[in-house]
Amino acid sequence: MTTVQLIAVGVLQALLLLIAAPLYSGFVRVMRAKIHSRKGPPLTQNYRDLFKLMNRQEVISEQAGWIFRITPYLTLAAMLLVALILPILTVWSPLGMVGDLILIIYLFALPRVFFSIAGLETGNSFGAVGVRRELLMSALVEPILILVVFVMALLAGTTNLGGISSQVVARTLPYSMGFWLSMASFAFATFVEMGKLPFDVGEAEQELQEGPLAEYSGRSLAIMKWGIYLKQLVLVGLFLALFLPFGSMSSLTAVGGLVALISFALKALAFFFVAAFLENIMARTRFMKAPAATWLALGSAVLSFVFYLANV
């Protein structure tokens, strides 16, 4: 595939993820309602909410500065860029050498920094508490992501996402204990970052993920929520690109593109299904108990590195 073709595929997959993100989040809401024996919202409720917010007036605090105003757009733009880089429809990253794991880690961190500052900038004490808890969770989860990325780069001999995905598809990447432990640790970190119980309730403004949104309204709130939906789907896409990239195209064809699209949609749906099921069979726990679970995942990630060194 030529560079222009790869970029075109990347733009297409980014737009598809942007459109599909509220649908996957809506699927989780429907599952939660069914498990709780409630009727629940329709599958398209998130689209209705976003449309309604887009048409509402924005009320911005007098204390809010430029960071507060640009954070929704920066969050959505950063997640769109990650969606453009990920090897989803193809085994190669649409942006070639730009598709680097280290760059993606920074792209995930950038919105979090702005999100946290925006929550503090308005002087809202409620938002400030949410920011503190959000930053604590990031301090617990991000080391797991970074360590897993490091181990996968060592196993593949490259930090390029396309290089790792192609080796997994070609089965040249060693399926060692380090690989499987990395997979489990990354799945756990993705689950936490998606704002799931027992660590978070992403739909509740009094919880970690949406606490700093207390001062947002109207279009800014809609864009911020859309960015959060997209982040969840992109995280799942990153997990699939690293560990389960099967079904992606190795050459550009119409049939291959359709197969890759359906394959990704089904794999992402399965991940969201499992995440929603696990979320709804456990109770909300005290926030200060969260480190105990994350330390187990971090230990698993460290073990994956130890197994890599031992060549097991």
Side-chain angles (χ1 to χ4, degrees), residues 1 3-28 46-47 50 71-112 114-115 145 149 159-166 186-187 189-190 193-195 202 209 222-249 252 256-272 275:
M1 285 184 283
T3 302
V4 175
Q5 289 174 329
L6 280 173
I7 293 175
V9 170
V11 172
L12 175 62
Q13 72 180 27
L15 291 176
L16 289 175
L17 289 181
L18 178 66
I19 295 170
L23 186 66
Y24 278 93
S25 182
F27 169 73
V28 174
N46 284 337
Y47 294 104
L50 292 174
T71 295
Y73 303 95
L74 184 142
T75 299
L76 190 61
M79 293 302 103
L80 275 173
L81 185 56
V82 176
L84 179 62
I85 293 173
L86 290 179
I88 292 175
L89 298 181
T90 66
V91 294
W92 299 102
S93 174
L95 293 187
M97 294 305 296
V98 179
D100 191 272
L101 278 171
I102 298 173
L103 172 63
I104 288 178
I105 292 297
Y106 277 107
L107 285 174
F108 276 118
L110 182 63
R112 191 192 299 276
F114 276 77
F115 185 55
L145 294 174
V149 164
T159 58
N160 185 268
L161 266 172
I164 296 174
S165 294
S166 61
F186 201 92
T190 302
E193 286 281 7
M194 290 171 68
Q209 192 179 65
I223 294 174
M224 184 66 85
K225 282 181 173 290
W226 207 340
I228 292 173
Y229 298 152
L230 183 58
K231 177 185 177 181
Q232 294 176 353
L233 185 55
V234 164
L235 275 167
V236 174
L238 178 58
F239 171 80
L240 296 177
L242 283 173
F243 301 101
L244 299 169
F246 306 103
S248 300
M249 290 185 290
L252 186 60
L258 183 60
V259 170
L261 182 60
I262 295 174
S263 174
F264 174 79
L266 292 177
K267 288 187 293 184
L269 186 66
F271 192 101
F272 273 87

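Quantities reported herein were computed from a predicted structural model and do not represent experimental measurements. Hydrogens, waters and symmetry mates play no part in the numbers below; they use all other heavy atoms, side chains included.
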Between [X] and [Y] (side chain of the first, backbone of the second, donor and acceptor by atom type, cut-off under 3.5 Å), is there such a pair?
X	Y	value
Lys267	Phe246	yes
Thr159	Asp100	no
Thr90	Pro87	no
Ser93	Gly162	no
Gln232	Ala21	no

Is the distance between the ring centroids of Tyr229 and Tyr24 less than 6.0 Å?
no
Please round to the nearest 0.5 Å and tell me the distance separating atom [atom1] of [X] and atom [atom2] of [Y].
X	Y	atom1	atom2	answer
Leu110	Phe114	CG	CZ	5.5 Å
Gln13	Ser248	CD	OG	9.0 Å
Ile262	Leu266	CD1	CG	7.0 Å
Leu233	Ile88	CG	CD1	7.0 Å

For [X] against [Y], the heavy-atom pair lying closest together:
X	Y	answer
Ile223	Pro72	CG2-O, 3.4 Å
Pro245	Ser165	CG-O, 3.6 Å
Ile7	Leu84	O-CD1, 4.3 Å
Ala78	Pro111	CB-CG, 3.6 Å

Report the relative orientation of the aromatic rings in Phe243 and Phe186; use parallel for angles under 30°, tilted for 30 to 60°, perpendicular for over 60°.
tilted
With a cut-off of 3.5 Å and sequence neighbours excluded, list every side-chain donor-acceptor pair involving residues 101-109.
none

